[in-house]
Enquirer: 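Let me begin by handing over the structure; questions about it come next.
Note that the structure is a prediction, hence the values are computed from the model and not measured. We name chains A, B, ... by the order of the sequence lines, and we start the count at 1 in each one.
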Protein chains: 2
Amino acid sequence: MPLDDRDDRGEDIDPDTLQQGRPARPHANRLPRDTAQKKPTLKTVAELTELAVTTVSRALSDDPQIALETRVRVRQAAEDVGYLPDRAAQRLRTGRTNVISLVLDPHEEILGYGTSMIRGMSAALRGTRYHLVITPHFSDTPQIDPVKHIVRNRMADGILFSRTEAADERVKFLMEQGFPFVCHGRTELATPHPYVDYDNYAFSYRAAKSLIAAGCRRLFIILPPAQFTFAHHMRHGFMTAVREEGVAFEISDRVSLDSKSDAIRDHVAERLAADDAPDGFICGGEVSAMAVMSAAYDTGRIIGQDVRLVAKQTSGLFDQVRPRIETIYEDLAEAGRLMAALLLKQMGGEVPVEELQALQTV
Amino acid sequence: MPLDDRDDRGEDIDPDTLQQGRPARPHANRLPRDTAQKKPTLKTVAELTELAVTTVSRALSDDPQIALETRVRVRQAAEDVGYLPDRAAQRLRTGRTNVISLVLDPHEEILGYGTSMIRGMSAALRGTRYHLVITPHFSDTPQIDPVKHIVRNRMADGILFSRTEAADERVKFLMEQGFPFVCHGRTELATPHPYVDYDNYAFSYRAAKSLIAAGCRRLFIILPPAQFTFAHHMRHGFMTAVREEGVAFEISDRVSLDSKSDAIRDHVAERLAADDAPDGFICGGEVSAMAVMSAAYDTGRIIGQDVRLVAKQTSGLFDQVRPRIETIYEDLAEAGRLMAALLLKQMGGEVPVEELQALQTV
DNA sequence: ACATCGATTTATAACGATATAACTCATGCG
DNA sequence: CGCATGAGTTATATCGTTATAAATCGATGT
């Protein structure tokens, strides 16, 4: 790899940083003396060192064929003129972008979601040649659109995404294309694929057991929309627990974790007002948990006494929510770290797909 | 502009989308017949139409010099083979990236913040040649690092960012470089620059007036860290109101909007336990408002009775928070829309800087 | 008939990097 | 003395696009 252009070590102090009145001219020279009227390229360094462009290129990528002394000299010259390789040219020639793209739906439920995950991914990518960029995607267009766009335009060398569906088009597409990716959540496709998932079966199993142990006799669970694989996992864990214990239950069919929070609140409030009102709630997300809490409040129920609630916690939000509720933590920063790590591993060379799968326990 | 590569119209139905067992081969042919063993380029289209590469290029960019009939023919042929211009090559040749970069700090306070803003920006960019990508930045490294990186490596044609400081290094740098940008929030630099800001003076002025009108006699405001310009605005609005009304007040010096929410809660709880406890709180952010609420709860205060709270609302969170609190809304989606629009205007040609400044009223 | 013009189309040269193959030139060995 | 060896360096071609200048050709005007 040529000059490490990732960390902008702050060694170039602009002396004119304080000159306010000066009109902005495009790409004003950064160096005190007018060494660089325009951006330095390999040619610039080549002329400076009286070597061929090719030699400079190889020297900068630490090719052992180039004499060590030459490599040092070139590296020094390159740094002197502030040479940075042109990403576009590198990309055109090599087909590599040095970019990893996270396709993220800045959905309401995303609250802490994206944040922590991004944090983990950035951490895992720090020190590598790769940059993380986020491509926003909104649920009003097909999930696969941004993915196709990235692949076709080679906007990245690898893709990360979440909200994986049981028959995920993105997974199919990327597998076909042989394009590196790791997704958060599994599919139910026959072909194995790389993923990082959280044990949502265990989550709702444990949540249900906990509610029942606390005395709840009618459980209500709000699931993700059915197309997401983890909806099945959550349902399954929930069903196993309620069957084992033989308590009444309901699975919301009118609202999902992705519903507007007002809709969730209204629906829950309605159910709470009924004769057969549930006394225990399970929410796989923070927004829906807030909605359940407001519904309880609005109908005069006290959380922790009249009704109980177990929610999945992915941010620090519930640390400040009162009354306190029971939460089960999903470490999304770790998930992000893992996803990026597995992607790197995958791009590093042929790896059996089993080594690219990870399940986070609750 | 050549073929619109933004919207992946879903016209290519992969017939083998269901073939699971098939091993993934890199960039398998998408078309039924093996027309394209490899990615089609201008050359491909040129051969097909028996025209020169140059002609095809110009035809696709709707050059009036090319006969209309030819343009139509070329466009058709390009579509037939699924031609998409190579971004890297375009970028190398033209120096344009067709990318706009939002540098975002996925900070805790960001909750709804980023989400809405991104939504607005995406909306404003829809239908243009530009793509929005988000470059995450964490507060443990200088704010200017990712900006420098983007400019030096020409990772984008324009930059958007938030959390503007009074003497913002990024603004200075970008002005010097003549690089297009719009920031959320103003600086206090002498040079005027493009920005979109919210009237935070009015926010805290109105918040304070409202609390006083409701009977509060000792106001407590939690400000952003002092380096951010809007900290000054908020302070000023607050001070004006309390002076006009002659009530007691305190400005938190131990915690800021960026403090960990636990720290805010502990501090507020401490103040609430004191003899001279405040009875009215103003929070410029959602996380800190939650912290104030939990502190009130933990010390046995009832929000809306014993103490009051006015918070800035940027997401739907407070719709579900109970008891309800008074909020003042800041429309971040609109801010994002505006920022992107002003950036486009700026990149479109020389525009007086006054036309690139916007202030959102409360 | 010939220069000129307008409407099209095209050849050529970049943009900045790297993969490939070829070139130097001193050294070692038979 | 000639030739293979190999370390070190370099020339050339190419990635896919577009800016620039030039070429083609029938039609027009004098």
Enquirer: Hey, is the main chain of R96(A) close enough, under 3.5 Å, to the side chain of R154(A) for a donor-acceptor pair?
Expert: no
Enquirer: Between S162(A) and H184(A), is there a donor-acceptor pair closer than 3.5 Å when you use the side chain of the first and the backbone of the second?
Expert: no
Enquirer: What integer distance in Å separates R87(A):CZ from dT18(C):P?
Expert: 12 Å
Enquirer: Among all residues two or more places apart in sequence or in another chain, which pass the side-chain hydrogen bond (donor to acceptor under 3.5 Å, both in side chains) test with E47(A)?
Expert: none
Enquirer: Send over the distance from E69(B) CD to dT8(C) C1', rounded to a whole Å.
Expert: 12 Å
Enquirer: May I ask you to test the I134(B)-V133(A) pair for a side-chain heavy-atom distance under 4.5 Å?
Expert: no
Enquirer: Please report the end-to-end axis angle for the helix from dA1(C)-dT30(D) to dG30(C)-dC1(D), five pairs per end, rounded to 10 degrees.
Expert: 70°
Enquirer: Can you tell whether the side chains of D63(A) and R71(A) come within less than 4.0 Å, N to carboxylate O?
Expert: no
Enquirer: Any Lys/Arg nitrogen of K39(B) or D86(B) sitting under 4.0 Å from an Asp/Glu carboxylate oxygen of the other?
Expert: yes
Enquirer: Within the 4.0 Å limit for protein heavy atoms, which parts of nucleotides 9-16 of chain D are touched? Write it as a string from 5' to 3', B for base, S for sugar-phosphate only, - for none.
Expert: BBBBBBBB
Enquirer: Rounded off to whole Å, could you give me the CZ-to-P distance for the R154(B) and dA17(C) pair?
Expert: 15 Å
Enquirer: Decide yes or no for V182(A) and L356(A): does some side-chain heavy atom of the first lie under 4.5 Å from some side-chain heavy atom of the second?
Expert: no
